[in-house]
Amino acid sequence: MQIKLYHPAREISIKGPKPVSSILTHLGLPREAHLVICDDMLVTEDAVISDDAVIEIRPVISGG
Amino acid sequence: MKCRRCKTPAVIKMPRHNTAFCDPCFQEYLLKQVERAISSGKMFSKEAPVLVAVSGGKDSLALWDILIKLGYETAGLHLNLGIGAYSKRSQQMVEQFANARGLALIVESYQKSYGLGVIEIAEESARPACSACGTMKRHHFNRIAMEKGFPVVATGHNLDDEAARLLGNLLKWQVSYLEKQSPVLSDDDGKWAKKVRPLYRLPEREIAAYTILNRIEYVVEECPMSKGAKVFAYKETLNQLEEASPGAKHQFYLGFLKQKEASFPTPPPAKQDETCRTCGQPTQSEQCGYCRLIERATTVS
Ligand SMILES: [Zn+2]
Ligand SMILES: [Zn+2]
């Protein structure tokens, strides 16, 4: 699957299918600080992302 | 995962409530939280207009959107800080949001007013950038609110911002800052606009979810000046606690607000009897901090 990441903005690809929770763990991204968007919709951590999907992992922390 | 209320597929899991919500149920929950913050804090009513300070980031744009949905009369205020491409993009986001909804927006540009951006102003006056930026924002929010007849200025500070600030103040035991940390700051003699933070009950993850569900575009990248700021370390630490113990941030900050009166009695307010000789805003000395800053930055040495 293709994954869009921020800070810095970049794209990576990893093998699917994989549940959202394992993708975040795999990338070392804390759940409380990120949201996952697939097909323009938010997905919960039990959702399984297929190998041909494109997702975005959006950081939610800002400097304030 | 299913929505706890209506059993349709959930879009967000919220461990602190041990629940998950679908899109409509989540949005209903979120609007209720904001309405509750506004009414319990007696922040403002539907009788008077609210000036919403919008940076172009997720929190302030979500706040503006929510206030409109709740039926409040609002206008947006955007300060263009003059930080290169970042400020340009921020203003674009705010204008795009306001234009699409036909909302009133006031824009002021530091570059136009001073011929300098906030970074140059901070450098010229030998102040740390974020501290100079804060002084300037507070001055302009108050000035514009008073000039244009807005009794209240609302900002997008969220639960994570407030909890991180509290942690920072506690780590240094800055007790005098603790008593001033409140989602509502009002002034009895009407020299200042009231300052309110209607999103203080909501973690930023939920606010970001709201902007995504409502297709609100915002500037995701950070202000270049905030790189390495301590607030990120505080937020990271608090999020680790939150994952280990859901609801920790909420207990920490809302618990503080409850305990504040007993633990940190409010000292008599600092006298702000003077009027700044340059700008006329209330101050403790002859000239306010903002005017001293600008004088130093714009005086050719
Ligand atoms: Zn539902
Ligand atoms: Zn002044």
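If you're wondering where the values come from, they're calculated on a predicted model, not measured in any experiment. Within every chain, numbering begins at 1; the chains are lettered A, B, ... in the order of the sequence lines, protein sequences first and strands thereafter.
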[atom2] on [Y] to [atom1] on [X], rounded to 0.5 Å:
X: B:E236; Y: A:E32; atom1: CD; atom2: CD; result: 12.5 Å
X: A:S62; Y: B:E204; atom1: OG; atom2: CD; result: 4.5 Å
X: B:Y218; Y: A:R58; atom1: OH; atom2: CZ; result: 4.0 Å

>> Counting only non-hydrogen atoms closer than 4.5 Å, can you tell me which residues of residues 34-47 of chain A sit against chain B?
In response: A:H34, A:L35, A:I37, A:D40, A:M41, A:L42, A:V43, A:T44, A:E45, A:D46
Please flag which part of [X] lies under 4.5 Å from any non-hydrogen atom of chain A: side chain, backbone, both or neither.
X: B:R215; result: side chain
X: B:N158; result: neither
X: B:K249; result: side chain

> Counting heavy atoms not belonging to B:K88, are there more than 12 under 6.0 Å from its NZ?
Replying inline: no
>> Surrounding OH of B:Y177 (heavy atoms of other residues, nucleotides or ligands, distance under 6.0 Å), is the total greater than 12?
In response: no
> Given the options B:A208, B:P9, B:A229, B:P246, which has more heavy-atom pairs under 4.5 Å with chain A than any of the others?
Replying inline: B:A208
> What residue, out of B:A209, B:S55, B:G57, B:G156, has the most heavy-atom pairs lying under 4.5 Å from chain A?
Replying inline: B:A209
>> Looking at A:R31, is its backbone amide N or carbonyl O close enough to the side chain of B:R205 to form a donor-acceptor pair, meaning the two atoms are under 3.5 Å apart?
In response: yes
>> Using only atom types and a distance under 3.5 Å, with no angle test, would you say the side chain of B:K235 pairs donor to acceptor with the backbone of A:I61?
In response: no
> Are side-chain heavy atoms of B:E243 and A:P30 found at a separation under 4.5 Å?
Replying inline: yes
> For chain A, which residues of residues 11-21 of chain B have at least one non-hydrogen atom nearer than 4.5 Å to it?
Replying inline: B:V11, B:I12, B:K13
